[in-house]
Amino acid sequence: MSALSSALPDFPWDLLEPAKAIAAAHPDGIVDLSVGTPVDPVPQAVRQALADASDAPGYPLTAGTPRLRAAIAGWLARACGASGEFGVLPTIGSKELVAWLPTLLGVGPGDVVVIPSVCYPTYEMGAKLAGAEVIRADSLTAIGPDRRVKLIWINSPSNPTGKVLPTDHLRKVVDWGRERGVVVVSDECYLSLGWDTNPVSVLSDEVTGGDYTGVLAVHSLSKRSNLAGYRAGFVGGDPALIRELLAVRKHAGMIVPAPVQAAMVAALDDEAHVAEQRARYAARRDILRTALTKAGFEISQSEAGLYLWSTRDEDCWATVDALARRGILAAPGAFYGPAAAKHVRIALTATDERVAAAAGRLADW
């Protein structure tokens, strides 16, 4: 029996352990800006909803409760500008869906999955798990006439770059996919975190006109609601594709726990906590952006999302090591693709105290 893991590369963050050890030795402790994991409190209304639903001895619904499906649909209509008839499905966070989506949709050996040239590593891992080939491309012309393409990932706002795709580009990708029978999947987990521009969803009427054929949008409550520990995500779009995903996930037992489903309803029905969290991130972003710029970094793109895509025009690992010696841990661009070899990703997800500490250390560069 051949181990599936042998087809996969080393887990990226394992490679960061030496730099992490150096940063942790700083007299004032490490400032870990390498992973976008929330550090602020879970909203009280969400915690209360989880607690109230904790007496849940029976099996939950893979499709989600009627209340949750209605909450997801309502949020997609409000936040994404989707007015047509679309399907929805809760997921165990967004990463598991990203990793297994090609397999769940029947993509396999001999097929091709297109991913951005610089992107979240799990898009590539999902294709590898399915046995498919990967093409990195940011333009449709770069893909060429390859008829093996079955699925194309777009990510706006981007992780790690913070780039936001314009409406015209989204529309062109959707039209291109429909002409060729290619499923278009948009990872929009940072949609609520636009800074210099307002991100547009692929489900927006401006993009699809209410027709979601061949289109899916992936969302998460990890960042907007600090629910990374709850594993709460969802996907919406083409009803036929959603039905296919549901049918397979029911067999595979990919089910969001009932208390988490109740917590998701509370999170989706309230935007006050989202505005409060945005304000926290905006303040941290201003502090880190100013400190990085003064320290000689150039900030690229970073129009939205939870990261500052930064470069000193040197190998990313050299930058990671230099930051680690100052007690700051960043993610090397190499994690996100060959084209990112001179960038590092700086996360905004640290406490105010740790962000201030990082800014102080950068001032002594």
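Looking only at side-chain heavy atoms (C-beta outward), Thr161 and Ser302 stay at 4.5 Å or farther from each other. Residues Asn226 and Gln277 are in side-chain contact: their nearest non-hydrogen atoms beyond the backbone lie under 4.5 Å apart. At a threshold of 4.5 Å between non-hydrogen side-chain atoms, the residues Ile152 and Val185 do not count as touching. Between Val183 and Leu241, some side-chain heavy-atom pair lies under the 4.5 Å cut-off.
The CZ atom of Arg243 lies 12.5 Å from the CG atom of Leu89; values are rounded to the nearest 0.5 Å. In this structure, CG in Leu97 is found 7.0 Å from CG in Leu104, a value given to the nearest 0.5 Å.
Of the candidates Tyr212, Phe234, Trp75, Phe86 forms a ring pair (Phe, Tyr, Trp, His ring centres under 6.0 Å) with just one, namely Tyr212.
Side-chain atoms of Asp138 and Ser117 include a donor-acceptor pair closer than 3.5 Å. Looking at Ser225 and His273, their side chains do bring a donor and an acceptor atom within 3.5 Å of each other. Side-chain atoms of Glu298 and Thr311 include no donor-acceptor pair closer than 3.5 Å.
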How far apart are the C-alpha atoms of His343 and Ser310, what are their side-chain angles, what is the distance that settles it, and do they pass the side-chain hydrogen bond (donor to acceptor under 3.5 Å, both in side chains) test?
-> CA-CA 5 Å; His343 280 77; Ser310 311; over 6 Å; no
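A salt bridge links Arg249 with Glu96; the closest basic N to acidic carboxylate O contact falls under 4.0 Å.
Taking the ring centre of Trp195 as origin, the terminal cationic atom of Arg278 falls inside the region bounded by 6.0 Å and 45° from the ring axis.
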